[in-house]
Protein chains: 2
Amino acid sequence: MARLHPASATAELIRLRRRGRRDPELSRDIILSAARDEFVEHGLNGARVDRLARRIGASKNLIYHYFGSKDGLYLAVLEGIYRGMRESQDDAKLRQLPPVEGMRRLVANTFDHFARTPALIRLMSIENIHYARHLRRSKAVRTLYPSLLTTISALLAGGQATGEFRRDVDPIDLYISVASLAYFYLSNQYTLSWIFRQRFAAPKRLAQRRAHVVAVILGYLQNRD
Amino acid sequence: MARLHPASATAELIRLRRRGRRDPELSRDIILSAARDEFVEHGLNGARVDRLARRIGASKNLIYHYFGSKDGLYLAVLEGIYRGMRESQDDAKLRQLPPVEGMRRLVANTFDHFARTPALIRLMSIENIHYARHLRRSKAVRTLYPSLLTTISALLAGGQATGEFRRDVDPIDLYISVASLAYFYLSNQYTLSWIFRQRFAAPKRLAQRRAHVVAVILGYLQNRD
DNA sequence: GGCTTAACTGACCAGACAGTCAATTAGAGC
DNA sequence: GCTCTAATTGACTGTCTGGTCAGTTAAGCC
């Protein structure tokens, strides 16, 4: 298991490596961290193993030594990203909260996590461009979601019992909607910024969007039919 | 201006070309149509000019003759896709409808258009992976949106006047939300299908999603604050 | 038929790129 | 110090790929 290093401190890791002795785990982490940057920046087909090797100041062979192939490296990066998401999620707490408050936090947390982790958005987009061909090989990722759905269902049921939430809500559709509202805004911010002449990445604009997203989901849920 | 040919009937066009005489416009259309398929399938970096040439049964030089470069070809495809979107949108009609009905149709139309045009979703994703570098060179695309925003603002104002819609809604945020809810479901269907073990592309599931999206937007808007 | 222009092509190239071979070097256990 | 294993590398390679050169062929016009 790789040791914990600050997420994208690739440069820092490289400095560490240069002065230290041989250290396979450190090297592995450096490759992974730099590879994530490379894939995030250029996509799967645009990423270059040669450039990556130059980036980390090591030979290309080292990369092949640890990860076998470009695809293998990409998969490792992908799994790391999902693992990070899982660790940061911890939605279980939210189940204890009053339904409205719990739901509000769930939406806000999702938004904040996406906004804070641009790599996640980009890699998910890239993976979908490739029809999830790689992700399908990794079983680990799926284990994240049952717990999330349990939380959503519990909050929904709670709110429906008190009459605060509408009925007839599919938890999966609801989760997809929560993710959508944050994801699309971020993933497509480049075309959107151009079209609407706004800087969607600006902190103030982000805060506005965050509030809007919370309002949409809660507005929808609290609208009794 | 290119003549109108059914959107993705690349094979049909090629047959036409083989029996006919030289016809630059037809050739141009064939290249564009096949290039769209190629880019949609493989992305910008994954697309191969050689494969495209083989696909259309013409020499690679012909492609360069008409479009100058791979990037030029990609931009032409991109503009074609946005032009198609503009033509199919015709939201102006909706302004005349009662607000709730107009909004419902707007959401449903957006969803249907996205669902019907997978190429649109994929190319927008691809373009955002590339930070909208190409789209920014094309001014034409932006002209689509002012009219859309006018429609949304009109419907909003109408609904607010009758007390059917909440106040304090930013039309741009609202539009982004409408697009989000359809787009993300479709663009990320590959990872989502894997994670949730559902076939999100199945007609029944699509209909469920469509209803959900309409309910979310209208539920939000009709929730008076 | 001759002339001009544009459609269209075969052959080729220089650089890039994923991946490999065969070797060297450093650390760990004895 | 010796041996074993794993980390690490320089030098290559076969293939692919966007792009070009120098032409040939067809259509339009007089």
Side-chain angles (χ1 to χ4, degrees), chain A residues 1-3 13-35 37-39 41-77 126 130 133-134, chain B residues 1-3 13-35 38-39 41-78 126 130 133-134:
Chain A
M1 192 52 50
R3 280 165 294 175
L13 288 177
I14 291 171
R15 246 193 32 220
L16 253 174
R17 181 174 192 266
R18 254 199 274 278
R19 18 205 91 240
R21 305 213 280 323
R22 286 192 170 188
D23 185 340
E25 275 186 53
L26 181 58
S27 296
R28 222 171 178 281
D29 287 359
I30 288 173
I31 295 173
L32 269 179
S33 169
D37 298 349
E38 178 73 17
F39 285 123
E41 222 169 295
H42 301 282
L44 176 52
N45 280 308
R48 297 288 167 248
V49 181
D50 280 301
R51 183 169 42 205
L52 173 59
R54 229 179 310 129
R55 239 176 176 167
I56 62 181
S59 72
K60 202 165 47 158
N61 314 41
L62 197 61
I63 297 164
Y64 283 92
H65 176 63
Y66 285 116
F67 297 98
S69 68
K70 189 184 174 183
D71 261 39
L73 177 58
Y74 172 75
L75 183 58
V77 168
I126 291 164
H130 293 276
R133 196 184 333 129
H134 311 85
Chain B
M1 196 46 55
R3 281 166 293 176
L13 289 177
I14 291 171
R15 246 192 34 218
L16 255 175
R17 181 174 190 265
R18 254 200 274 278
R19 18 204 94 238
R21 305 213 280 324
R22 284 193 171 186
D23 184 339
E25 274 185 53
L26 180 59
S27 296
R28 222 174 178 278
D29 286 0
I30 287 172
I31 295 173
L32 270 178
S33 169
E38 178 72 17
F39 284 123
E41 222 168 296
H42 302 282
L44 176 53
N45 280 309
R48 297 291 169 245
V49 181
D50 280 301
R51 182 168 45 204
L52 174 58
R54 229 179 309 128
R55 239 176 176 166
I56 61 180
S59 73
K60 201 165 49 158
N61 313 41
L62 196 62
I63 297 164
Y64 283 92
H65 177 62
Y66 284 115
F67 297 99
S69 69
K70 189 184 175 183
D71 262 38
L73 177 59
Y74 173 75
L75 183 58
V77 168
L78 202 62
I126 290 164
H130 292 276
R133 195 183 335 130
H134 310 86

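By convention in this document, chain letters (A, B, ...) are assigned in the order of the sequence lines, proteins followed by strands, and residues within each chain are numbered from 1.
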Where at least one partner belongs to residues 43-67 of chain B, residue pairs that pass ring pair (Phe, Tyr, Trp, His ring centres under 6.0 Å), sequence neighbours excluded: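 Applying ring pair (Phe, Tyr, Trp, His ring centres under 6.0 Å) to every pair that reaches into residues 43-67 of chain B, excluding sequence neighbours, yields nothing.
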For the [atom1] atom of [X] and the [atom2] atom of [Y], what is their distance to the nearest 0.5 Å?
X: S59(A); Y: D50(A); atom1: OG; atom2: CG; answer: 11.0 Å
X: I63(A); Y: K70(A); atom1: CD1; atom2: NZ; answer: 11.0 Å
X: R48(B); Y: K60(B); atom1: CZ; atom2: NZ; answer: 11.0 Å

S27(A) side chain near dA7(D) phosphate (N/O to OP1/OP2, under 4.0 Å):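 No.
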Contact under 4.0 Å: Y66(B) side-chain N or O vs dA6(C) OP1/OP2: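 It does not, given that no N or O in the side chain of Y66(B) lies less than 4.0 Å from OP1 or OP2 of dA6(C).
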Spacing between [X] atom [atom1] and [N] atom [atom2], to the nearest angstrom:
X: L62(B); N: dC8(C); atom1: CG; atom2: P; answer: 5 Å
X: I63(B); N: dG19(D); atom1: CD1; atom2: P; answer: 11 Å
X: H65(B); N: dA26(D); atom1: NE2; atom2: C1'; answer: 13 Å
X: F67(B); N: dC8(C); atom1: CZ; atom2: C1'; answer: 15 Å
X: H42(B); N: dC16(D); atom1: NE2; atom2: P; answer: 15 Å

L44(B) to I126(B) - nearest heavy-atom pair and separation: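 For L44(B) versus I126(B), the nearest heavy atoms are N-CG2, 4.0 Å.
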Per-nucleotide protein contact string for nucleotides 11-22 of chain C, where B marks a base within reach and S marks sugar-phosphate only (heavy atoms under 4.0 Å, - for neither): B-----SBBBB-
Stepwise salt bridge (charged side-chain N to carboxylate O under 4.0 Å, His left out) test for E41(B) and R55(B): CA-CA 13 Å; E41(B) 222 168 296; R55(B) 239 176 176 166; 2.9 Å; yes
